[in-house]
Amino acid sequence: MAPTTPTPPAPESGVAPESGAEAPRTFGRRKPPRHPLYELTKPGITGFVMVTAGASAHVAAGGAAGLWPMIHTLVGTGLGTGGALALNQVFEREFDARMQRTRARPIPSGRISARAAGVFGTALLAVGILWLAVTVGVLPAAFTALSAVAYLWVYTPLKRTSYLATLAGAIPGALPALIGWTAAGGSAFDLGGWVLFGIFFLWQLPHVLALAWLLQDDYRTVGFFLMPPSDPDGRKIGRHMVFHSLSLVLLGFAPTLLGLTGWIYGAGATVLNLGMLAACMAAASDMSFDRVKRVFFASLLYQPLILALLLVDTRPLP
Ligand code: HEM
Ligand SMILES: CC(C)=CCC/C(C)=C/CC/C(C)=C/COP(=O)(O)OP(=O)(O)O
């Protein structure tokens with residue numbers, strides 16, 4: 001099936017038609033083409049992931065992480081994530097070529113061969129894992145490898161068969177919390193690391209579900225199952241967004257209860273989480289393009305703000 005609203009390909013334009021609307025509306029910035037290797041790493045997402053790992057390392061170290069371990073954590077996580085994101089584009093090149101949002105990517109647009117992208121992605125991922133193993137430890141390297149496996153060999157194929165893919169994809173997206181936590185000397189069994197994992201896991205679900213609704217025509221074109229079955233008016237997906245953001249209101253406060261952060265974080269996170277919940281509730285009552293788009297933008301604003309709150313209000317270790 002062809003996309004319902006053909007327009008010239010625009011890199012990452014996020015063009016998505018509203019059901020029944022006569023003209024497409026856009027969200028997201030139109031980005032000018034960059035070097036194909038740079039684009040393959042999806043720098044926006046990689047950057048967010050690096051900062052997530054860095055902030056988690058900062059909390060694990062009670063605000064006293066050393067400069068070099070922090071630099072190594074950021075570099076290793078960035079390399080590993082960029083490599084995994086590049087490999088995903090190798091695996092999904094045939095689908096990307098058929099979706100309006102992704103057809104201008106480096107591989108489908110012919111700016112780089114799948115083989116070259118595969119070599120680049122594999123090398124970046126391997127160097128990232130090795131970098132972490134050598135500089136900050138085997139555990140953060142193992143979490144990076146686990147994240148890549150979950151992303152490339154669980155989430156990526158599951159997109160074509162099950163709505164559960166949305167939950168599966170949020171696992172590799174949240175594992176950077178544990179990469180950072182263990183890079184700073186935390187244990188893989190510390191409650192604090194898992195609380196941060198839980199916050200980043202829950203944050204992604206409104207992000208992903210809003211996108212699934214906004215991009216549904218593109219996803220239907222290639223048979224990606226990122227929406228609940230039989231949900232034409234978005235009632236179910238709206239309820240799921242509210243449920244996940246409500247869970248986030250509760251879990252978001254846990255770092256302060258555990259003594260990892262102070263009241264500035266506790267109050268700020270609660271305000272952010274209630275804002276996210278309000279955006280999800282507004283969308284759930286009317287899944288219009290504009291309201292769902294607001295959830296997506298709220299999710300993009302949420303992540304740097306919650307990370308900033310963690311950074312400014314981490315408590316020293318006892
Ligand atoms: C299941 C997990 C996730 C899925 C399926 C997902 C999907 C997407 C998609 C499809 C877009 C592009 C929207 C557009 O066309 O404009 C996007 C944008 C974005 N996502 Fe996610 N995402 C997930 C998790 C994450 C994580 C873990 C991060 C970072 C910590 C992240 C950060 C971003 C950012 C910064 C953007 C906007 C900039 C860009 O497109 O590069 N996402 N996401
Ligand atoms: C090694 C390591 C830390 C890896 C983590 C990778 C990561 C951040 C996974 C989270 C999920 C994610 C960003 C999916 C993007 O969706 P998609 O691939 O479905 O997006 P698309 O539709 O734009 O291709």
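Just so you know, ligand 1 is whichever comes first in the structure, and atom 1 is the first atom listed for that ligand. Predicted, not measured: the structure shown is a model, and the values here were computed from it.
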Inset, instruction - Give a yes or no on whether the ring-centroid distance for Trp194 and Phe201 is below 6.0 angstrom. - result: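 Trp194 vs Phe201: aromatic centres not under 6.0 Å.
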Legend entry - Phe200-Trp203 aromatic ring centre distance below 6.0 Å: no
Inset, instruction - Say whether Arg101, considering both its backbone and side-chain N or O atoms, lies within less than 3.5 Å of an N or O atom on ligand 2. - result: yes
Inset, instruction - Give yes or no for whether the N/O distance cutoff of 3.5 Å, strictly under, is met between Lys159 and ligand 2. - result: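 Yes; the residue has a nitrogen or oxygen that sits under 3.5 Å from a nitrogen or oxygen of the ligand.
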Inset, instruction - Answer with side chain, backbone, both or neither: which part of Tyr219 has a heavy atom less than 4.0 angstrom from an atom of ligand 1? - result: side chain
Inset, instruction - Return yes if a side-chain donor-acceptor contact under 3.5 Å exists between Thr156 and Glu92, otherwise no. - result: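 Absent: no donor and acceptor within the cut-off.
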Legend entry - Pair Arg111-Ser109, side-chain donor/acceptor within less than 3.5 Å: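 Short answer, yes.
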Inset, instruction - Only heavy atoms count here, so choose which of Phe91, Phe95, Tyr151 is nearest to atom 14 (C) of ligand 2. - result: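 Going through Phe91, Phe95, Tyr151 one by one, Tyr151 has the nearest heavy atom to atom 14 (C) of ligand 2.
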Legend entry - Selected option - heavy-atom contact closest to atom 23 (O) of ligand 2, from Glu92, His207, Met99, Arg105: Arg105
Inset, instruction - Check if Trp203 has a non-hydrogen atom at a distance under 4.0 Å from any atom of ligand 1. - result: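 In this structure, Trp203 qualifies as a contact of ligand 1 - some heavy atom is under 4.0 Å.
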Legend entry - Contact check, Lys42 vs ligand 1, heavy-atom distance below 4.0 Å: no
Inset, instruction - Output every pair passing side chain to side chain donor-acceptor pair (under 3.5 Å) with a member in residues 162-176, not counting sequence neighbours, ordered by first then second residue. - result: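 Qualifying pairs, neighbours excluded: Tyr163-His240.
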Legend entry - Sub-4.0 Å heavy-atom contact, Tyr155 with ligand 2: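 Yes, Tyr155 has heavy atoms under 4.0 Å from ligand 2.
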Legend entry - ligand 2-proximal atoms of Lys42, by part, heavy-atom distance under 4.0 Å: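 Answer for Lys42: side chain.
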Inset, instruction - First locate atom OH of Tyr38, then atom OG1 of Thr46, and finally report the distance between them rounded to the nearest 0.5 Å. - result: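 Tyr38 OH to Thr46 OG1: 9.5 Å, rounded to 0.5 Å.
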